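For reference, the structure is listed below as structure tokens.
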Amino acid sequence: MDLVVSTSAVIPASVVVPLAAAALMVGFSRFLPRWARDLIAIAVALATTALTLILMAASAGHPMIYWFSGWRPSAGMVIGIDYAVGPLGAGMASLAGVLASAALVYCWRYFDSARGRHHALVLIFLAASVDFCLTGDLFNLFVAFELVAVTAFALTGYNAGHPAPLQGAINFAVTNSLGGMSVLMGVGFLYARTGSLNLAQIGQALSGRHPDGLIVVAFALLTGGFLVKAAVVPFHFWLPDAYGSAPIPVCVLFAGVMSELGLFAVIRVWDTVFSGLAGGSGPRMRAVLLGLGILTAVVGAVMALAQIHLKRMLAFVTMSHMGIYLIGVGLLTPLGLAGASLLVIGDGLAKSALFLGVGVVQHQRASVSEIKLRGRGRGLAVTGVTIMLGALVLADLPPYVSSAGHALLVKAAEQAGLPWLEIVIALSVSLSSGAVLRAAGRIWLGWGSSQSPRPDTGTADDPGEEAKDRSDTANSANAEGAPGTQESIGSTDGGPAGADRDQDGREWSGRLRRVPLTMLLPPLALLAIGLGLGLTSGVEEHAAAAAAAFSDRAAYATAVLRTHVGPVPTGGRVVVPASPAASAGGVLTDLGQVLAALCVAGIALDRRAVGLRRALAAGTGWLRRLHSGLVGDQVTWLVAGLALLAALSEAALH
Amino acid sequence: MSRRARLVFFAVAAAGLAVTLGVGLAGLPSFGSQLTAYARMLNELASPQRHVTDVVSAITFDYRGIDTLFEEFILLAAVAGISVLLRPLSDESRQLPEDKAPNRKIPPPSPAVWLLAVLLSSLLTLIGLETITHGVLTPGGGFQAGVILASAIYVIYLGTNYATVERFQPDPLLEASDGVGAFGYVVIGLLGLLAGDVFLSNVVGLGVTGNLIAGGTIPLLNLVVGVEVAGGFAILASEFLDQTAVIRTERR
Amino acid sequence: MSVLAYGVVAWLFLVGIYGVVTSRNLIHMVVCLSVAQSATDVLLLEIGYRTGGHAPVFVSLPTHPGPAVDAVMQALALTDVVVGAAVTALLLALVVQVHKRAGTLDPDALRATRD
């Protein structure tokens with residue numbers, strides 16, 4: 001493996017460009033017209049995507065190590081902070097860029113961007129995600145984690161006029177802050193033992209050692225804190241509250257990027273720091289991670305079926321898929337990691353398309369309740385197709401890239417001697433996609449009953465985001481305060497002030513007749529990208545190679561520290577199964593999952609299955625009641641989860 | 001969960017977490033016993049290498065400068081986020097506070113309190129400026145000084161009524177200073193790139209240890225961070241004040 | 001000495017979380033969260049401490065100054081303080097809006113997000 005210290009300016013540019021643009025937007029956006037703010041934000045997000053894609057291509061053969069402030073390691077001791085750019089990290093960063101660009105396009109004109117501050121926060125979120133994916137320093141990882149979190153808290157509470165987003169943001173902020181504190185304590189413990197904050201150097205210091213209490217606890221605190229972000233059971237209770245009430249473009253970022261970053265950190269820290277411990281990567285550690293993954297996948301799928309609030313349903317679908325990615329990652333093999341990576345990309349694109357589609361429905365029909373929207377999908381045909389397609393892609397419809405990932409994951413499970421994992425994955429995927437298909441069938445085809453299965457808690461009353469940029473007229477005392485002005489669409493606002501407001505005033509009389517292209521096209525574009533990637537030959541090999549490079553601790557340490565650290569393994573190439581029988585079998589499995597999802601949706605809508613549905617609802621009532629939305633409960637579960645994870649890690653690592 | 005059930009569950013869970021933390025803390029080296037090699041090396045090398053006497057500043061703005069860039073943006077994001085969260089919504093309007101009794105203006109602020117506020121504010125500004133500029137020599141620096149400077153503005157708020165406060169609250173200026181501070185850090189980092197080195201390299205002349213202007217880019221970064229933090233905290237205060245004093249929800 | 005010093009960290013963290021879990025007032029809850037945050041600050045500073053050490057500022061030192069404490073941990077603690085301040089401020093802004101919109105400051109009375 002080539003060891004390259006890079007001075008390429010593309011590496012810092014990938015974070016500097018969005019940060020600089022965000023700073024300028026916070027400082028000077030009141031002097032910019034609205035279209036300029038939207039345009040600048042979209043352009044910057046696209047530029048960042050391009051930069052990270054360049055990095056992904058350039059780092060394919062060898063990692064690129066970039067030392068900030070010029071401080072290279074001396075005598076094996078790291079002094080400064082580095083970025084260790086590899087194709088897996090850069091690929092994750094590119095996904096963040098693509099989704100941020102799609103979300104910002106969706107915001108064009110029909111989104112109150114609070115004088116550009118929403119766009120600035122999205123750009124900072126993007127920059128922090130890129131830093132998170134590229135960094136080689138443990139404390140820098142923590143800082144990026146907190147920056148992602150802070151922007152996310154603010155963006156969640158965006159619709160500050162309703163109690164639900166505020167409560168969701170509070171739950172999110174409290175639980176994730178505690179997760180961040182847990183990570184920081186883990187960082188402190190590792191520094192105290194190894195004397196370094198650099199991932200490679202810590203890994204070197206720990207390699208070959210037997211883990212004692214301090215190391216086990218550091219692992220548990222670090223992993224637990226990151227799993228809070230990844231919304232793995234039992235750290236997940238904040239997720240439906242936050243994702244269910246955040247504005248749609250923000251949900252895109254959360255579902256496609258933020259949750260996955262939590263898991264990325266877990267495997268990053270494991271691969272660079274803990275995987276070298278004596279007796280580390282044993283079957284017991286694998287069992288812990290797989291157990292958590294299976295639990296998350298199943299709980300998420302069951303809860304998704306129980307939702308009538310579309311955004312909460314998609315939140316649980318996201319959580320269920322996070323469980324599947326954890327299964328892939330938890331196999332602790334490069335093949336499993338490769339499968340999980342492709343799934344993250346494909347599912348990320350599809351989940352974002354789903355959220356954007358729901359956003360269109362919310363924008364046009366002022367509701368996200370599946371029951372209230374029954375049959376009202378007429379006239380939104382494109383969105384209906386988008387949502388149904390997205391749900392099928394989540395069920396691993398071939399030839400999308402997620403089906404390639406699924407195939408790799410199944411193969412990895414077989415190689416690890418756990419073929420029954422495929423059944424668990426198929427079950428959760430069918431249930432969660434079935435839930436979305438059920439909703440689509442009810443909304444667009446008018447199937448299913450028009451009564452809610454249980455008393456409507458009213459959480460699905462969600463009129464959606466405001467479109468007027470009210471901060472512009474904040475200083476004209478009563479211009480916007482006219483009684484009778486509704487927050488949702490349908491406001492007939494008299495007295496337009498400027499040129500572009502005039503146009504808004506006209507179009508805002510009643511509902512929009514046409515859905516703007518800037519809302520229709522992004523989800524379709526995301527699905528198209530997924531299809532394109534899936535049709536590209538060799539994508540599995542690239543993923544496998546990227547995962548192999550990511551998992552190779554010794555080679556990474558050598559690259560960063562530039563000292564020979566014992567025999568460097570020749571880095572065995574990960575063999576990707578290419579036999580026709582395997583791929584045909586894979587396609588059949590995927591189609592089987594799709595079919596199962598459709599069957600689940602059908603049963604859910606069929607009037608004759610009412611008895612079955614009631615029985616299932618009664619049987620899972622206790623699970624639903626646990627999701628009380630109370631922050632005290634959520635923090636208690638978090639503490640219990642940390643303690644449990646510590647106990648399990650002790651059993652697994654000792 | 002009922003509160004009782006939650007308490008019981010929490011007691012058990014907290015006991016587990018206490019054991020976990022105890023095991024972890026027990027594995028730490030004895031309190032006060034040793035420093036890591038990294039810390040010892042930086043304590044020895046920071047002065048000769050960077051010509052500053054405050055090693056913490058050198059670490060914050062030079063050795064680990066990229067961390068501080070993101071830390072600065074955490075503050076920027078928080079301030080932007082708060083101004084988004086507390087922005088006037090569609091069913092709200094801004095009305096200056098009025099006296100409850102009709103035909104009566106709000107009494108002017110007490111001259112004694114106002115004098116005290118002005119004196120204190122001037123003192124705080126001086127201390128803040130001193131902390132920024134001496135950040136390379138003694139404990140201090142941009143973050144700390146920014147908060148002190150912002151508190152100079154807070155003292156003005158405490159000493160007077162809202163109408164006067166509005167005059168001292170040039171929102172465009174505060175926002176611009178917030179943005180310029182953050183952007184400035186990036187620009188200084190780019191100087192390194194322009195000089196052919198990597199981002200955030202210390203490429204400005206290092207000066208003599210013990211001088212105010214020493215350490216290359218370190219005092220410059222101190223300055224921009226101070227500007228950003230001061231602007232940010234001032235915006236914070238004005239947002240919260242607006243919510244309390246000025247923004248009124250319409251009753252329908 | 002170690003037990004007491006390090007025990008403070010565990011105590012602060014657990015007491016802060018206890019406050020969050022049992023709180024009946026959102027502002028009280030936010031303050032308890034920052035108490036838990038301070039536990040992490042204390043941990044970092046304690047890891048960096050050296051008995052008989054002086055601050056890592058090499059100016060106006062006595063003749064035989066002794067070792068300096070860990071400056072890296074102090075830089076990290078500074079970052080942690082900034083993070084804590086940012087999150088606390090955000091949470092307080094959310095609390096202000098919740099009080100206005102939901103009419104209550106009791107975290108257990110917020111019922112807007114449940115199944």
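Note that this is a predicted model, so its numbers are computed, not measured. Letters A, B, ... are given to chains in the order of the sequence lines, protein chains preceding strands, and every chain is numbered from 1. Any value given below was found using the heavy atoms of this structure, including those in side chains, with hydrogens, waters and symmetry copies removed.
- With hydrogens and angles ignored, the 3.5 Å screen pairs no side-chain donor or acceptor of A:Glu146 with any backbone N or O of C:Val83.
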Using the side chain to side chain contact (heavy atoms under 4.5 Å, CB included) rule, take A:Tyr191 and C:Val72 through it: C-alpha gap first, then chi angles, then the decisive distance, then the call.
CA-CA 10 Å; A:Tyr191 175 81; C:Val72 177; 4.0 Å; yes
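- A:Arg613 meets the side-chain hydrogen bond (donor to acceptor under 3.5 Å, both in side chains) test with no other residue; sequence neighbours excluded.
- Only the side chain of A:Val631 comes within less than 4.5 Å of a heavy atom of chain C; its backbone N, CA, C and O stay farther away.
- Between C:Pro107 and A:Leu630, the shortest heavy-atom contact is O-CD2, 3.7 Å.
- With a 4.5 angstrom heavy-atom cutoff, A:Leu147 does not touch chain C via any of its atoms.
- The choice from C:Thr22, C:Asp70, C:Leu14 that makes the most heavy-atom pairs within less than 4.5 Å of chain A is C:Asp70.
- Interface check for chain A: of the options C:Gly103, C:Ala109, C:Ala36, C:Ala39, the most heavy-atom pairs under 4.5 Å are formed by C:Ala36.
- Considering only heavy atoms from C-beta on, A:Val174 comes within 4.5 Å of C:Met29 through its side chain.
- Residue contact with chain A, scored on non-hydrogen atoms closer than 4.5 Å, involves the side chain of C:Leu26 exclusively.
- Remark: C:His54 NE2 is packed, more than 12 non-hydrogen atoms of other residues, nucleotides or ligands lying under 6.0 Å away.
- Heavy atoms of C:Ile47 lying under 4.5 Å from chain A belong exclusively to its side chain.
- Residue C:Tyr18 does not touch chain A at all, counting heavy-atom pairs closer than 4.5 Å.
- If you take CG on A:Leu166 and NE2 on C:His99, they are separated by 13.0 Å, rounding to the nearest 0.5 Å.
- Distance check, rounded to the nearest 0.5 Å: CG of C:Leu33 to CE of A:Met181 gives 4.0 Å.
- Heavy atoms closer than 4.5 Å to chain C are found nowhere in A:Asp633, neither backbone nor side chain.
- Using non-hydrogen atoms only and a strict 4.5 Å limit, the part of residues 636-643 of chain A facing chain C consists of A:Thr636, A:Val639.
- C:Leu110 touches chain A through backbone and side chain together, each having a heavy atom under 4.5 Å away.
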Apply side chain to side chain contact (heavy atoms under 4.5 Å, CB included) to A:Phe142 and C:Leu76, showing your working.
CA-CA 11 Å; A:Phe142 165 74; C:Leu76 263 51; over 6 Å; no
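- In this structure, the portion of C:Leu44 lying under 4.5 Å from any heavy atom of chain A is its side chain and not its backbone.
- Closest of all the heavy-atom pairs between C:Leu91 and A:Ala173 is CD2-CB, 3.6 Å.
- Annotation: maximal heavy-atom pairing with chain C below 4.5 Å, among A:Ser182, A:Gly157, A:Ser177, occurs at A:Ser177.
- Among all heavy-atom pairs drawn from C:Val95 and A:Ile170, the shortest one is CG2-CD1, 4.4 Å.
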